[in-house]
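As structure tokens, the structure follows; a few thoughts come after it.
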Amino acid sequence: SINVMIIKMRRRNEYLGCFVDKEQLKNIPFSRTPHEKEVRYPHVTLIFRPVEIPCALLGENVRIRVIGYGADAYNEGLLAEVFSDNAEVHKLIDAVETPHITLSLREGGRAVDTKNLQFSPIPPFEIDGVIGLYSDGSVIYEGTWAAGMMSGPGTRYYANGKKYVGSWQE
């Protein structure tokens with residue numbers, strides 16, 4: 001067995017992001033125009049389809065300041081600023097053209113298009129975020145791997161940035 005970060009892709013949606021708890025977004029201090037499909041894991045995308053996963057950043061806490069709101073026929077989202085004391089996180093944040101959180105989509109809408117909304121300024125408010133990895137339909141695991149299965153000690157990462165550190169039966 002070997003100790004590595006393994007990503008078994010089954011689908012094409014994968015991204016490293018600053019994930020926020022939906023509960024923090026329930027009492028937004030302004031009127032919304034939501035679409036029928038609420039986003040399951042609200043986040044600010046840092047890297048879409050990363051080639052390398054910066055494992056040391058997973059679980060890192062960030063602060064997100066929401067400064068704008070936008071909606072059109074297909075997308076609804078928030079304009080955001082992300083803050084961290086970690087220099088590596090700063091590099092990732094600085095590379096994001098339009099940091100945003102997609103809230104909801106209409107049928108046919110694509111989350112990637114939220115960055116193109118005409119955002120209107122809103123009274124700023126801050127929420128907590130955590131660096132996490134979303135990989136639709138895959139296993140994100142760092143640890144021993146034997147006979148095609150998680151085996152022995154390791155860490156499993158979840159989309160909300162939380163992780164389980166423990167052991168799996170061989």
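Side chains are part of it too, since the values below use all heavy atoms of this structure and drop only hydrogens, waters and symmetry mates.
At a threshold of 4.5 Å between non-hydrogen side-chain atoms, the residues Glu36 and Glu107 count as touching. Side-chain atoms of Arg65 and Phe125, non-hydrogen and from C-beta on, never get closer than 4.5 Å to each other. Residues Pro124 and Val66 fail the side-chain proximity criterion, which asks for heavy atoms closer than 4.5 Å. With a 4.5 Å cut-off on side-chain heavy atoms, Pro42 and Thr102 do not count as touching. At a threshold of 4.5 Å between non-hydrogen side-chain atoms, the residues Cys18 and Val130 do not count as touching.
Both Val82 and Ile122 belong to a single network of hydrophobic side chains, linked directly or stepwise wherever heavy atoms of I, L, V, M, F, W or Y lie under 4.5 Å apart. Residues Leu57 and Val44 fall within the same hydrophobic cluster, defined by Ile, Leu, Val, Met, Phe, Trp and Tyr side chains chained together at heavy-atom separations under 4.5 Å. Under a hydrophobic clustering in which Ile, Leu, Val, Met, Phe, Trp and Tyr are joined whenever their side-chain heavy atoms come within less than 4.5 Å, directly or via other members, Ile131 and Phe83 fall into different clusters.
Checked for salt-bridge contact, Glu38 and Lys26 miss the test: no charged N lies under 4.0 Å from a carboxylate O.
The salt bridge (charged side-chain N to carboxylate O under 4.0 Å, His left out) contacts involving residues 111-123 comprise Arg110-Asp113, where partners must be two or more places apart or lie in separate chains. Counting only residues at least two apart or in different chains, ring-ring contact (aromatic ring centres under 6.0 Å, His included) contacts with residues 56-82 comprise Phe30-Tyr69.
Minimum interatomic distance between Ala80 and Ile64 (heavy atoms only, all atoms of both residues): CB-CG2, 3.8 Å. Arg106 and Ala73 make their closest contact through CD-O, 2.9 Å (heavy atoms, listed as atom of the first residue, atom of the second, distance).
If you take CG on Leu103 and CD on Glu76, they are separated by 4.5 Å, rounding to the nearest 0.5 Å. For the atom pair CG (Asp21) and CD1 (Ile127), the distance works out to 9.5 Å, reported to the nearest 0.5 Å.
Ile67 belongs to a hydrophobic cluster with Leu79, Leu117, Phe119, counting contacts under 4.5 Å between side-chain heavy atoms of Ile, Leu, Val, Met, Phe, Trp and Tyr, direct or through other members. Annotation for Val112: hydrophobic cluster partners, listed by chain and number, are none (ILVMFWY side-chain heavy atoms under 4.5 Å, direct or chained).
Remark: Asp128 engages Arg63 in a salt bridge (charged side-chain N to carboxylate O under 4.0 Å, His left out) (not counting sequence neighbours).
At least one donor-acceptor pair under 3.5 Å links the side chain of Asp72 to the backbone N or O of Asn75.
The 12-atom threshold is not exceeded at NZ of Lys37, counting heavy atoms of other residues, nucleotides or ligands nearer than 6.0 Å.
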What donor-acceptor contacts under 3.5 angstrom involve side-chain atoms of residues 85-99, with partners at least two apart or in another chain?
from: Asn86; atom 1: OD1; to: Glu88; atom 2: N; distance (Å): 2.7
from: Asn86; atom 1: OD1; to: Val89; atom 2: N; distance (Å): 3.2
from: Glu88; atom 1: OE2; to: Lys91; atom 2: NZ; distance (Å): 3.2
from: His90; atom 1: NE2; to: Ser84; atom 2: O; distance (Å): 2.6

Go through the steps to decide whether Tyr15 and His43 satisfy the test side-chain contact (heavy atoms from CB on, under 4.5 Å), and finish with yes or no. CA-CA 10 Å; Tyr15 46 86; His43 66 280; 3.2 Å; yes

